[in-house]
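Keep in mind the model is a prediction, meaning the values are calculated, not measured. Side-chain atoms are counted along with the backbone in the values below, which use heavy atoms only and exclude waters and symmetry mates.
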Amino acid sequence: MTATPIFDQARTAWPARDKDPATSHDAVPDKPTVALVQARVLAILDAHGPCTHDEIHDYYTLRHGRVSEQNIRSRTSELHKSWRVIALDREGRTFSGRRAVRWAVRREQA
């Protein structure tokens, strides 16, 4: 007997592990949603210059509605791993006043 997968690998960005509970599988974002949020994060950084995760989250929420802070952090991390954004410096500040990385769109050098 062949096991039926709990998730659709063609549509999910990162499948949950087989032993994870059903709620974990339900929470996995689909690829179109991930791509949309990534594009919006890039647009925010392009329009507003270097931003912390908190600032990206605020701009995103104002323009596009609710999104979790973790979603913004995850999408920014993915963009960083794909060389589309860079960690510019640690000159930003969190809402509590601690130092934070400022993210920027990676520009090709001529």
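Panel note: side chain Asp54, backbone Thr94; no donor-acceptor pair is recorded below 3.5 Å.
No side-chain N or O of Ser74 forms a donor-acceptor pair with one of Glu78 less than 3.5 Å apart.
For His53, the ring pair (Phe, Tyr, Trp, His ring centres under 6.0 Å) partners are Trp103, not counting sequence neighbours. With sequence neighbours excluded, no residue forms a side chain to side chain contact (heavy atoms under 4.5 Å, CB included) with Arg66. Considering only residues two or more places apart in sequence or on other chains, Arg93 meets the salt bridge (charged side-chain N to carboxylate O under 4.0 Å, His left out) condition with none of them.
Here OG of Ser77 is found 12.5 Å from CD1 of Ile72. Values are rounded to the nearest 0.5 Å. For the atom pair His57 NE2 and Cys51 SG, the distance stands at 13.5 Å (nearest 0.5 Å). Rounding to the nearest 0.5 angstrom, the gap separating the CD1 atom in Ile56 from the CZ atom in Arg40 is 14.5 Å.
Checking each of Val41, Asn71, Leu42, Leu45 against Thr76 for a side-chain contact (heavy atoms from CB on, under 4.5 Å) leaves exactly one that passes, namely Val41.
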Inset, instruction - Apply side chain to side chain contact (heavy atoms under 4.5 Å, CB included) to the pair Val67 and Arg75, showing each step before the final yes or no. - result: CA-CA 11 Å; Val67 65; Arg75 304 298 78 87; over 6 Å; no

Inset, instruction - Evaluate the criterion salt bridge (Lys or Arg N to Asp or Glu O under 4.0 Å) for residue pair Arg107 and Asp46; output intermediate values, then yes/no. - result: CA-CA 10 Å; Arg107 307 279 184 209; Asp46 198 42; 2.7 Å; yes

Inset, instruction - Go through Arg99 and Glu91 one step at a time and tell me if the side chain to side chain contact (heavy atoms under 4.5 Å, CB included) criterion holds. - result: CA-CA 6 Å; Arg99 293 177 68 188; Glu91 299 302 316; 3.9 Å; yes

Inset, instruction - Check step by step if side chain to side chain contact (heavy atoms under 4.5 Å, CB included) holds for Asp89 and Val101. - result: CA-CA 6 Å; Asp89 57 35; Val101 170; over 6 Å; no

Inset, instruction - Please lay out, stage by stage, how Arg102 and Thr52 fare under the test side chain to side chain contact (heavy atoms under 4.5 Å, CB included). - result: CA-CA 4 Å; Arg102 291 190 314 154; Thr52 66; 4.1 Å; yes

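In this structure, Val105 is a member of the same hydrophobic cluster as Leu79, with clusters built from ILVMFWY side-chain heavy atoms closer than 4.5 Å.
Crowding of Arg90 atom CZ: a count of heavy atoms from other residues, nucleotides or ligands under 6.0 Å exceeding 12.
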